[in-house]
Structure formats: structure tokens, C-alpha cells
J.: 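Dumping the structure here so I can ask a few things about it.
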Number of protein chains: 2
Amino acid sequence: MAMNIEQIIAKFHEEGFKVTPQRLAICEYVLSSKDHPTTDMAYAEVKRKYPTLSLATVYQTLHLLADIGLLQELEMDDRVSRYDPNTSPHINIICKNCGMVEDYDAKDMAKLWSEIVKGLGFEPIGQRIDVYRYCEKCLKKVKIKKTRGVSLV
Amino acid sequence: MAMNIEQIIAKFHEEGFKVTPQRLAICEYVLSSKDHPTTDMAYAEVKRKYPTLSLATVYQTLHLLADIGLLQELEMDDRVSRYDPNTSPHINIICKNCGMVEDYDAKDMAKLWSEIVKGLGFEPIGQRIDVYRYCEKCLKKVKIKKTRGVSLV
DNA sequence: ATTTAAATAATAATGATTACAATTTAAGAA
DNA sequence: TTCTTAAATTGTAATCATTATTATTTAAAT
């Protein structure tokens, strides 16, 4: 989360990957983001500084970051993945209507989680903890449709 | 989970949806399944009894079941959703290589989960708790690729 | 400065899911 | 039971995020 450029560069070298301006720019954006960006969001943002940036590079880089443990990919029900730089056990509070994601770090999360994981019999390589609701903003829009996608009217 | 046909029919009526043979057949299959089937799996299986079944109906029905709380949809990183008839708080143990999903009900899961949820300030409408690993079978295949998809060689 | 394996860019291909329109049907009313 | 009709089903076309591909560029080791 609070990884600086030097650490990111070191991590790339350590893992045997090349350090490129594109990768660093994407890292800088997504690893400091709070709003769980999509690939498109990262592309739009980073392209402002690197106009030649390709969307394919963004996909490849975000997957790479997930593979080396710097990002958690969240597959969402609108079929557009979002990326979370917080890879430690924490709760993703997700609105089933608008898809907004907020991180929530419960007070004793680490402790409670280790309690839960204790009985598994193996060491997890990652985790995802979601809690679903309709966010305040969406609830204000009153009427929730029964149909798929649960969009508001 | 242990819902019988009568209860399912009652639930449909209660929610204002029609009871059709296709829906009941799909329910019978997916609500008693242990292996977190995909839409295609449900389609292939139920089509044996209802040869006129349409894939679109399976999609629509599974989404309906998720909407009324009888199924949990799990969006997976191969972009093929799987469906879990266990909608209470429990752990999905997921292999990052082959995608296999197992349910794991920790002893004090309900209690620990309520502990975690306590501080949220709202009542969740659902949850998803994943733990990732490489399963025994995949680990035996030895060499794990570094690239996206983490497939074995 | 050279070399080369890896990364990038641009674009085509993929495929699960969704949308759509015509037909069928569940279920309430007569 | 038959009638009515809104909802469900079917078959298929369209969508679109993601992945694959290939030519070009480049990081970084020699």
C-alpha cells in the first residue's frame, strides 16, 4: 500500500521483470488509489502522461501486479474487474446497485481472520472478503428493481 | 441448501414468480450441487431431462435464484461464474490454478462472522469469503508458471 | 555499442453473457 | 373448463471486456 517507487522497482527486479516507464506510471496510479479502479480507469488516467500507452499494457501490468501480490483483483458482477492495492485481510464493502467498493478494516481484523484461517490446514496465498449492501446514495433513489442487475428505477 | 421442492415452489409464489418445469429442474440440480456449477454445467445436466431447454433460460434462472437469495454467484478469474447454494457465511476455498471451489464451514464461523460484521453499521444483504491456494492436485503438477492465469506446465 | 529476450502498441479474435423478438405457457378470472 | 394475458421460454444475434497475436521497441546484460 504505502510502497514507494524504489520499493516497487526493487520488487520488479527481484521477481525478474523489467522496469518500464509504463509499469511505473501504472503502479503509481493504482497502488495509491482508494477507489478500486477498473482497467479502463487506469488506462484513461495514465494515458494523460503517456499518450502512447496501450490498453493491452494496462491489462498485462495489472495482472502482473496481482500475480506478484501487490494487487487484489476483484471480479465484479458487471463483469468488469476492479483492483485493490490493499492485499491484506480486510472487508470490501460493495454496493450491489452501483458497484461502489469501500475498504473497511475492522479493528481486530487480523486477529479474527487468523482465527478463521487457523483450521484450514494450509497457508492461503490470498483472500477476498466481501460484504454486500445497497449504499446510502442508492437507497435514496428508493425503488429497487427485482430484476437482474438490481438497478434502480 | 436443504430446500425441498415444496419450499422452492412456495418461495417462487411468495416472490411473485411463476413456477415452471424448467425452473424447478434447474433448482433441483443447482440447489443440491456440491461442486459450484457453472451455467454451462447446469445447462448440460438439466438439458438431459428437458431437451428443449435454452441456455438463456439457465442464465435467467440462476440470476433469479441469486436475486431472491437462494444462490450466491461467484465471479471467478476465468470470467465464468459459479453458483453456490450455500448462502450463509462460509469460506470458499478456491484453487488459483484449476479454479476448484470447496466450501469450508469453520466451527465458529457464524460467531466470528457476526463479530466482524458488528462494526459495519448496517445489515449486509450478503457476503463472500474466499481463501485462495493451489490445491493438492495442482501442487503435484509441480511447476507453476509466473504468467497470468497461473496455469501449470 | 551490441545483443536479445522481454515489453509495448495496435489491432484482431474470443467467448461468456445479455438483448431481442417470436412463441409458448402459468395461473388467475369468468 | 376455457379464456386471457402478462410472464417465461427459445433460438439467435449482439455486446464488450478480455485475451491473443504480431510487428516494433526497449531494458538491461554482455
J.: Report the distance from atom OH of B/Y43 to atom P of C/dT18, rounded to the nearest whole Å.
T.: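 In whole Å, C/dT18 P and B/Y43 OH are 17 Å from each other.
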
J.: Both B/D40 and B/V19 contact DNA chain C. Which one's nearest nucleotide lies toward the 5' end?
T.: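 Nearer the 5' end of the strand: B/D40.
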
J.: In terms of side-chain heavy atoms, does A/E73 have a donor or acceptor partner in A/S81 at a distance below 3.5 Å?
T.: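 Yes, a side-chain donor-acceptor pair sits under 3.5 Å.
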
J.: Please give me the minimum heavy-atom distance between B/P37 and B/V30, naming the atom from each residue.
T.: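 B/P37 and B/V30 have their closest heavy atoms at CG-CG2, 3.7 Å.
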
J.: What is the separation between atom CD on A/E75 and atom P on C/dT17, rounded to the nearest whole Å?
T.: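 Rounding to the nearest Å, CD of A/E75 and P of C/dT17 are 12 Å apart.
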
J.: Nearest nucleotide by nearest heavy atom, which residue falls closer to the 5' end of DNA chain C, B/L55 or A/Q60?
T.: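 Nearer the 5' end of the strand: A/Q60.
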
J.: Which listed nucleotide (D/dA20, D/dA17, D/dA27) is nearest to the side chain of A/A56?
T.: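 It is D/dA20.
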
J.: Hey, which of these two, B/T20 or B/R79, hits DNA chain D nearer its 5' end, going by closest nucleotide?
T.: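 Closest to the 5' end, via its nearest nucleotide, is B/T20.
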
J.: Is the shortest side-chain N/O distance from B/T57 to OP1 or OP2 of D/dT10 below 4.0 Å?
T.: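 Answer is yes, contact under 4.0 Å.
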
J.: B/E102 and salt bridge (Lys or Arg N to Asp or Glu O under 4.0 Å): which single residue from B/K34, B/R133, B/R82, B/K137 fits?
T.: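 That would be B/R133.
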
J.: In this structure, which one of B/H36, B/Q72, B/R128 forms a side chain to side chain donor-acceptor pair (under 3.5 Å) with B/D84?
T.: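 Of the listed residues B/H36, B/Q72, B/R128, the side chain to side chain donor-acceptor pair (under 3.5 Å) partner of B/D84 is B/H36.
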
J.: D/dG11 P sits how many Å from B/L53 CG, rounded?
T.: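 Interatomic distance, CG of B/L53 to P of D/dG11: 9 Å.
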
J.: Taking only side-chain nitrogens and oxygens of B/H63, does any of them come within less than 4.0 Å of OP1 or OP2 of C/dT17?
T.: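 Negative; the distance criterion is not met.
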
J.: Under 4.0 Å, heavy atoms only, any strand: does B/P21 hit a base, just the sugar-phosphate, or nothing?
T.: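 Contact class for B/P21: sugar-phosphate only.
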
J.: Choosing from C/dA26, C/dT18, C/dT8, which nucleotide comes nearest the side chain of B/K18?
T.: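 Of the candidates, C/dA26 comes closest.
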
J.: Please report the distance, rounded to the nearest Å, between CG in A/D78 and C1' in D/dC16.
T.: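 Distance, rounded to whole Å: 12 Å.
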
J.: How close or far is atom C1' of D/dT26 from atom CG of A/L24, stated in whole angstroms?
T.: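 After rounding, the gap between these two atoms is 14 Å.
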
J.: For A/T52 and C/dA9, is the shortest distance between a side-chain N/O and OP1 or OP2 below 4.0 Å?
T.: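 For C/dA9, OP1/OP2 do have a side-chain N/O of A/T52 under 4.0 Å.
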
J.: Check the phosphate of C/dA27 against B/H13, side-chain N and O only, distance under 4.0 Å to OP1 or OP2. Yes or no?
T.: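 Checking C/dA27 against B/H13, a side-chain N or O does come within under 4.0 Å of OP1 or OP2.
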
J.: Quickly work out the B/Y83 OH to C/dA16 P distance and round it to whole Å.
T.: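 It is 13 Å, rounded to the nearest whole Å.
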
J.: So what does A/T38 hit on the nucleic acid, given a heavy-atom distance under 4.0 Å: a base, only sugar-phosphate, or nothing?
T.: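 The residue A/T38 makes no contact with any strand.
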
J.: Considering only D/dT18, D/dA8, D/dT10, which nucleotide approaches the side chain of A/Y59 most closely?
T.: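 Output: D/dT18.
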
J.: Without decimals, in angstroms, what is the distance between A/R82 CZ and D/dA17 P?
T.: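 Rounded to whole Å, this separation is 14 Å.
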
J.: Whole Å only: how far is the CG atom of B/D77 from the P atom of D/dA17?
T.: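 Between P of D/dA17 and CG of B/D77: 18 Å.
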
J.: Quick one: do the B/Q22 and B/T57 side chains pair a donor with an acceptor below 3.5 Å?
T.: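 No, no side-chain donor-acceptor contact under 3.5 Å.
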
J.: I need the A/L64 CG to A/F12 CZ distance, nearest 0.5 Å.
T.: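 The distance works out to 5.5 Å.
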
J.: Choosing from C/dT8, D/dA17, C/dA9, which nucleotide comes nearest the side chain of A/S54?
T.: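 Among C/dT8, D/dA17, C/dA9, the one nearest the side chain of A/S54 is C/dA9.
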
J.: Compare side-chain N and O positions of A/Q22 against OP1 and OP2 of C/dA7 and report whether any pair is under 4.0 Å apart.
T.: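 No.
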
